[in-house]
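For this chain, numbers begin at 1 and follow the sequence in order.
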Amino acid sequence: MFDYDALVRLSAQKCKDAPQSIEVVLTTCGLNARRTTAACVVAAFPEFRPVVEFIDKTRSRYAEDELSAIGEMLVEEYLAMQSFATSHGVLWDSVDFLALMAGMSGFMERFEKPQDNGARIVASRLQACAEPLCGDAQCSMVAMGLWFADFDGFRHAVARAIGALRQ
């Protein structure tokens, strides 16, 4: 379960003074939060650790600034997450895993039309969870996914909230 309005406010707060676009800020926050969010999944599902190790490998490549390699590794991370979830269906009930997948699917499908972005499906599932979404990393992941899927008009809501903060 997540509080849509709280995610709009959190996103607006992160973006209000940033010189970059909203999309860049939310993407940066989301991608930087994926390791922390994945570590929360490991706390409940230790068998998810190889995915976290793969994320660590990708993050170490950032320092080398090989953008093409990083893009390919992000795709591999996402595929590893999906593959793991396929064999461990119980993960689809984990708020932390759903937050991770909302962000990653939103980012991976960012070139799709928002209404076709898979983050919509994950966000809907997350809304139905009894457990609340908490933690800045998890919220950042979900906000990134909501942005790319424009879930319930998220883009307009964040832009409007930023405008209100700047007044």
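- Cluster annotation: V75 is connected to M141 through the hydrophobic network of ILVMFWY side chains, with a link wherever side-chain heavy atoms come within less than 4.5 Å.
- With respect to the salt-bridge test (charged N to carboxylate O, under 4.0 angstrom), the residues R110 and E23 do not qualify.
- With a 6.0 Å radius and a threshold of 12 heavy atoms from other residues, nucleotides or ligands, L165 has its CG atom above the threshold.
- Counting heavy atoms from C-beta on, the side chains of D5 and R9 come closer than 4.5 Å.
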Under the side chain to side chain contact (heavy atoms under 4.5 Å, CB included) rule, what do L7 and L133 come out as? Steps first, then yes or no, please.
CA-CA 10 Å; L7 286 174; L133 178 68; 4.3 Å; yes

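- Linking ILVMFWY side-chain heavy atoms closer than 4.5 Å, directly or via other members, places L31 and F54 in two distinct hydrophobic clusters.
- With hydrogens and angles disregarded, a donor-acceptor distance shorter than 3.5 Å links the side chain of N117 to the backbone of G106.
- Just one residue in the list R34, Q82, K57 forms a side chain to side chain donor-acceptor pair (under 3.5 Å) with E77, and that residue is R34.
- Between I55 and M81 the shortest side-chain heavy-atom distance falls below 4.5 Å.
- Put simply, V95 and W92 are part of the same group of oily side chains (I, L, V, M, F, W, Y) that touch within less than 4.5 Å, one to the next.
- Using a cutoff of 4.0 Å between basic side-chain nitrogens and carboxylate oxygens, K113 and D150 are not scored as salt-bridged.
- Between N32 and S140, every side-chain heavy-atom pair lies at or beyond the 4.5 Å cut-off.
- L91 is not connected to M1 by any chain of hydrophobic side-chain contacts under 4.5 Å among Ile, Leu, Val, Met, Phe, Trp and Tyr, and they are in different clusters.
- The backbone N or O of G163 lies less than 3.5 Å from no partner atom in the side chain of R166, so there is not a single donor-acceptor pair.
- F48 CZ to S94 OG: the interatomic distance, rounded to the nearest 0.5 Å, is 9.0 Å.
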Would F97 and T37 satisfy side chain to side chain contact (heavy atoms under 4.5 Å, CB included), going step by step from the backbone distance to the final call?
CA-CA 8 Å; F97 181 75; T37 305; over 6 Å; no

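- No donor-acceptor distance shorter than 3.5 angstrom exists from the side chain of R125 to the backbone of V122, with no hydrogens or angles considered.
- With contacts defined as side-chain heavy-atom distances shorter than 4.5 Å, the pair Y78/F107 does not qualify.
- Here the shortest heavy-atom pairing between A33 and A137 reads CB-O, 3.4 Å.
- With R35 contributing its side chain and D56 its backbone, the two residues share no donor-acceptor pair below 3.5 Å.
- No chain of hydrophobic side-chain contacts below 4.5 Å, direct or via other Ile, Leu, Val, Met, Phe, Trp or Tyr residues, connects V25 to L74.
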Determine, step by step, whether V41 and M101 satisfy the side chain to side chain contact (heavy atoms under 4.5 Å, CB included) criterion, reporting the C-alpha distance in whole Å, the side-chain angles of both residues, the deciding distance to 0.1 Å, and the verdict.
CA-CA 11 Å; V41 175; M101 288 304 292; over 6 Å; no

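- Using a 4.5 Å cut-off on side-chain heavy atoms (C-beta onward), S11 and I22 make no contact.
- Without hydrogens or angle criteria, Q138 side chain to A99 main chain gives no donor-acceptor distance under 3.5 Å.
- Under a 3.5 Å cut-off, the side chain of R155 and the backbone N or O of W147 do form a donor-acceptor pair.
- Taking CG from D93 and CG from L98, the interatomic distance works out to 7.5 Å, rounded to the nearest 0.5 Å.
- The aromatic rings of Y4 and F151 sit tilted relative to each other, their planes meeting at an angle between 30° and 60°.
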Step by step, would you call L10 with D136 a side chain to side chain contact (heavy atoms under 4.5 Å, CB included)?
CA-CA 9 Å; L10 174 73; D136 186 62; 3.9 Å; yes

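- With hydrogens and angles ignored, the 3.5 Å screen pairs no side-chain donor or acceptor of D152 with any backbone N or O of F154.
- For the pair S83 (side chain) and L79 (backbone), a donor-acceptor distance under 3.5 Å is absent.
- Between P114 and F148, every side-chain heavy-atom pair lies at or beyond the 4.5 Å cut-off.
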